[in-house]
Number of protein chains: 2
Amino acid sequence: MGQTLLDEIDLLILRQLMQDSTLSHKEIGRAVHMTGQAVGARIRRLRELGVITGYSIGWDPEKLGLNVHALITVFLNSGSAHQTFLQFVASEEEIEEAYRVSGEGCYWMRVRTESPERLNALLDRLVKYGNYKLSLAIGQVK
Amino acid sequence: MGQTLLDEIDLLILRQLMQDSTLSHKEIGRAVHMTGQAVGARIRRLRELGVITGYSIGWDPEKLGLNVHALITVFLNSGSAHQTFLQFVASEEEIEEAYRVSGEGCYWMRVRTESPERLNALLDRLVKYGNYKLSLAIGQVK
DNA sequence: GTGATTTCCTTTCCGAATGAAAATAGATAC
DNA sequence: GTATCTATTTTCATTCGGAAAGGAAATCAC
């Protein structure tokens with residue numbers, strides 16, 4: 001594929017931005033031996049190519065009161081339409097990630113809620129679409 | 001807990017930054033009816049409180065050639081030390097997330113590799129620590 | 001009620017970063 | 001050698017971000 005689209009310098013810039021996107025172009029330039037403007041041009045290109053899809057912040061879920069963290073494997077009912085399930089996923093703010101999977105189950109997702117009661121309520125809404133298997137995350141390793 | 005630490009305006013600012021951390025303080029200020037400087041002071045406070053933990057970019061894994069996406073449940077050997085497993089996780093760049101779980105298995109993790117061969121090699125290294133169950137992600141829903 | 005204190009916001013100001021345009025260097029084809 | 005194309009540097013105007021000073025509102029002691 002388009003592997004020649006990105007050179008080593010692009011990858012260096014990306015790695016730096018992944019760690020800290022507030023680095024100035026000039027600071028990044030020091031690491032890759034370029035002026036800030038050249039770095040800026042490359043970053044603009046990475047955005048236009050769709051390699052960089054956006055800028056965001058990292059945040060502490062516990063500081064926001066999200067104390068419950070669960071991993072859920074979803075086994076969709078055979079009659080349940082995937083489309084309506086996708087709408088469900090999109091509408092539930094407590095679902096942080098969700099993937100269609102091949103292997104065990106139909107979907108896998110990770111959720112955070114502020115309390116066991118909220119998790120319980122979410123599972124009640126989820127069970128309309130199918131069965132599930134749940135594990136609680138008791139620590140983030142990475 | 002410290003729920004009174006964050007007011008509605010702080011949450012609004014956080015939500016905006018989660019969507020796009022390149023918004024200027026002034027732009028955010030328009031949404032919350034404050035000057036850019038006031039927004040900047042609140043953001044600084046959110047950083048000092050540890051609510052905001054960092055700034056990063058979103059990126060397209062396929063544009064970087066990471067075509068294989070897998071979800072792995074790890075069942076650690078009873079003799080295997082957790083400490084050495086954590087070092088393993090930290091050293092493997094292809095592991096993007098990992099959590100200690102209570103429920104099915106000991107750890108859960110999500111990995112991306114550029115090829116099935118690389119996934120195979122990663123699993124070879126993983127199997128020293130225990131057993132695993134693997135699902136392939138075939139689409140990101142959220 | 002008065003005054004002091006604290007907190008938070010606005011105003012003002014300056015250094016630094018960003019983004020655009022023009023000039024320059026390096027590589028390639030012919 | 002000449003033309004051409006791409007990527008970088010240089011230069012410049014605009015904007016942003018952070019610090020300091022001043023002011024409004026809430027709290028508290030008395």
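Order of the sequence lines fixes the chain letters, A, B, ..., with proteins taken first and strands second; residue numbering starts at 1 for each chain.
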| task | For nucleotides 8-18 of chain D, just jot down a letter per nucleotide in 5' to 3' order: B, S or -, based on protein non-hydrogen atoms under 4.0 Å. | result | SBBB----SSB
With a 4.5 Å heavy-atom cut-off, do [X] and [Y] have their side chains touching?
X        : Y        : value
B/Val74  : B/Met109 : yes
B/Trp59  : B/Leu64  : yes
A/Leu14  : A/Met18  : yes
A/Lys142 : B/Ile95  : yes

| query | So what is the end-to-end bend of the helix from C/dG1-D/dC30 to C/dC30-D/dG1, with 5 pairs used at each end and the value given to 10 degrees? | reply |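 Rounded to the nearest 10 degrees, the bend comes out at 30°.
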| Positional range of nucleotides in DNA chain C within the contact set of chain A, heavy-atom, under 4.0 Å |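 The contacted stretch runs from C/dA17 to C/dA20.
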| said: Please check this pair: side chain of B/Asp7 against backbone of B/Asp10, looking for a donor-acceptor N/O pair closer than 3.5 Å. | reply: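 Pair found, side chain donor or acceptor close to backbone of B/Asp10.
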| request: Return yes if some donor-acceptor pair links the side-chain N/O of B/Lys63 with the main-chain N/O of A/Leu49 below 3.5 Å, else return no. | output: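 Checked: pair present.
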| Verdict with supporting geometry, B/Leu5 and B/Val51, side-chain contact (heavy atoms from CB on, under 4.5 Å) | CA-CA 10 Å; B/Leu5 280 186; B/Val51 178; over 6 Å; no
| query | Any chance the side chains of A/Tyr107 and A/His82 put a donor and an acceptor closer than 3.5 Å? | reply |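 On atom types as modelled, these side chains qualify, holding a pair under 3.5 Å.
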| said: So that I know where these two stand, are B/Tyr132 and B/Phe75 an aromatic pair - ring centroids less than 6.0 Å apart? | reply: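 Ring centres of B/Phe75 and B/Tyr132 not closer than 6.0 Å.
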| field | Spacing of CG belonging to B/Leu17 relative to OH belonging to A/Tyr55, to within rounding of 0.5 Å | value |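 Here the interatomic distance stands at 14.5 Å.
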